[in-house]
2 protein chains.
Amino acid sequence: MQRIPKISESEWEIMKVIWRSSPITAEQIVLQLPADIEWSDQTVRTFINRLLKKNAIGFEKSGRSYHYYPLVSEQECVRAESQSFLKRVFGGAADLMVTNFLEEAHLSDKEIERLQRILTEKQEKQEKKDSRPKA
Amino acid sequence: MQRIPKISESEWEIMKVIWRSSPITAEQIVLQLPADIEWSDQTVRTFINRLLKKNAIGFEKSGRSYHYYPLVSEQECVRAESQSFLKRVFGGAADLMVTNFLEEAHLSDKEIERLQRILTEKQEKQEKKDSRPKA
DNA sequence: CTTATTGAATTACACTTGTAAATGAAAGGC
DNA sequence: GCCTTTCATTTACAAGTGTAATTCAATAAG
C-alpha cells in the first residue's frame with residue numbers, strides 16, 4: 001500500500017514524457033522519447049502496461065486509442081527516488097551528498113551564485129523560524 | 001567491460017562494510033552490517049559471491065576463511081551511482097538536482113554554512129582558473 | 001461483408017535481485 | 001580416524017526488468 005510505486009529506469013523515461021505532456025497516446029509517447037532511445041513500439045507499450053499495473057498512470061479511452069495520464073506527481077517520484085538513492089549511497093546524509101555533488105560537478109559561476117542565493121534564503125527562513133517561540 | 005559493475009541495493013550494504021574495514025571475513029561482514037538489517041548468513045554470503053562474480057571485490061585465502069577486499073573504490077561507485085541517478089531522475093542536470101535537495105532536505109544552520117563555504121571556495125578557484133590564459 | 005491494419009492485451013524469455021536451503025570440503029573435537 | 005561444525009560453493013525459486021513477438025479486437029479499406 002505504499003503511495004509511490006517503484007519505477008524502473010526504463011519506466012522513468014516513459015513517465016518523464018507523460019509528465020511533460022499528458023494526456024498522451026502510446027504513439028505520441030513513442031515519438032516524444034529522447035532520440036537516443038531506440039525501443040520498439042512493443043517495448044514502449046510493455047512499459048506503459050507495467051506502469052498501469054503499478055498504478056503509476058491511468059488512461060481514458062478515446063475511440064480507438066487510449067490517452068494516458070499520471071497518477072503520481074513528478075515531485076513525489078523525484079522525492080522517493082532521491083530518498084532511496086540517498087539512503088543507498090550516502091547512508092541518508094543529505095549534506096554529504098550535496099557536498100559530493102558540489103565537488104564533483106563542474107558548475108558554472110552562474111549556477112554557483114544561484115545555489116548560494118538559495119542557501120542564503122534558506123538560512124534566513126530558518127532564522128526567522130528559530131526566533132519564533134516553538135509551538 | 002565497463003569499469004564499474006552495477007551494484008544492487010543490498011550489495012551496497014555489503015560494499016559499505018568492506019570499504020569501511022577491509023580485508024574482512026564474511027563473518028565479520030555479517031556482524032558489522034547495520035542492526036536494522038536482518039539477513040541470514042547465507043544471504044550475506046550470496047551477496048558476497050555475487051560481488052565476487054562482478055569483480056567488485058576480491059579475496060585472499062587465510063587458512064579456513066577468506067578475507068575480502070574491494071576492487072573498486074567507493075569514490076568510483078558513488079560517482080557511477082550518482083551519474084545514473086542524475087540521468088534517470090533529473091535528465092543529467094546536476095544543478096537542478098542540488099537545488100532540489102537544498103529545498104527538500106532540512107539542513108541545519110551548520111550544514112548550510114559549510115555548504116556555503118564550499119561554494120565560495122569553488123567560486124574562488126574558478127576565478128583563478130579564468131584569469132589564467134586558456135591553454 | 002471480408003480483409004488488412006492498428007492499437008491493446010497476453011505471452012515469452014533471459015537476466016537480475018532478494019531471499020535462502022542444500023551440498024561439499026576442510027578443520028577441530030574426541 | 002570418524003563425526004560435527006564451519007566456511008564456501010552450488011542450486012533454488014519467485015518477483016522485477018529489458019526486450020519483444022504473438023494474439024485479440026476493433027476499425028478502415030475495398
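Order of the sequence lines sets the chain letters (A, B, ...), proteins ahead of strands, with each chain counted from 1.
Put simply, CG on A:L51 is 14 Å from P on C:dA8, counting in whole angstrom units. Atom-to-atom, CD of B:E9 to C1' of C:dT19 comes out at 14 Å; the value is rounded to the nearest Å. Computed from coordinates, the A:K6 NZ to C:dT16 P distance equals 15 Å when rounded to whole Å. Per the geometry, NE2 belonging to B:H67 stands 12 Å off C1' belonging to D:dC7, to the nearest Å. Protein atom CD1 of A:I7 is 10 Å distant from nucleotide atom P of D:dT17, rounded to whole Å. Taking atom CD1 of A:I14 as the reference point, atom P of D:dG18 lies 10 Å away to the nearest angstrom. Rounded to an integer number of Å, the gap from A:R64 CZ to D:dA29 P is 13 Å. One can place CD of B:E11 at 8 Å from C1' of C:dT17, the figure rounded to the nearest angstrom.
The stretch residues 20-38 of chain A touches DNA chain C through A:A26, each having a heavy atom under 4.0 angstrom from the strand. Near-neighbour residues of DNA chain C inside residues 39-50 of chain A, defined by a heavy atom below 4.0 Å, number-ordered: A:Q42, A:R45, A:N49, A:R50. Listed in residue order, the members of residues 80-88 of chain A having a heavy atom less than 4.0 Å from DNA chain C come to none.
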Cut-off 3.5 Å, no hydrogens considered: what does the side-chain donor-acceptor table look like for residues 81-95 of chain A, sequence neighbours left out?
from: A:E81; atom 1: OE1; to: B:R88; atom 2: NH1; distance (Å): 2.5
from: A:S82; atom 1: OG; to: A:V78; atom 2: O; distance (Å): 2.7
from: A:R88; atom 1: NH1; to: B:E81; atom 2: OE1; distance (Å): 2.5
from: A:D95; atom 1: OD2; to: B:R114; atom 2: NH2; distance (Å): 3.1

Validation: residues 56-71 of chain A side-chain donor-acceptor distances under 3.5 Å, sequence neighbours left out:
from: A:K61; atom 1: NZ; to: A:Y66; atom 2: OH; distance (Å): 3.4

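When the side-chain hydrogen bond (donor to acceptor under 3.5 Å, both in side chains) test is applied to A:K54, the partners found at least two apart in sequence or on another chain are A:E11. The salt bridge (Lys or Arg N to Asp or Glu O under 4.0 Å) search around A:E104 returns B:R79, not counting sequence neighbours. In this structure, B:E121 has no salt bridge (Lys or Arg N to Asp or Glu O under 4.0 Å) partners at least two apart in sequence or on a different chain. Take A:R45 and apply the salt bridge (Lys or Arg N to Asp or Glu O under 4.0 Å) test, not counting sequence neighbours, and it matches no residue. Annotation: side-chain hydrogen bond (donor to acceptor under 3.5 Å, both in side chains) contacts of B:Q116 (sequence neighbours excluded): A:T120.
Pairs passing the ring-ring contact (aromatic ring centres under 6.0 Å, His included) check and including a residue from residues 92-115 of chain A, sequence neighbours excluded, do not occur. Within the structure, no pair that satisfies the salt bridge (charged side-chain N to carboxylate O under 4.0 Å, His left out) test touches residues 24-44 of chain B, not counting sequence neighbours.
Between A:S65 and B:K54, the residue whose closest nucleotide on DNA chain C is further toward the 5' end is A:S65.
Put simply, B:Y68 has no side-chain N or O that comes within less than 4.0 Å of OP1 or OP2 on D:dC7. Phosphate proximity of C:dT17 to B:S10: absent, as no side-chain N or O sits under 4.0 Å from OP1 or OP2.
A donor-acceptor pair is defined here as one N or O able to donate and one able to accept, closer than 3.5 Å; no such pair exists between the side chain of B:E103 and the backbone of B:N100.
Contact between B:K122 and A:L102 at its shortest, heavy atoms only, is CE-O, 3.0 Å.
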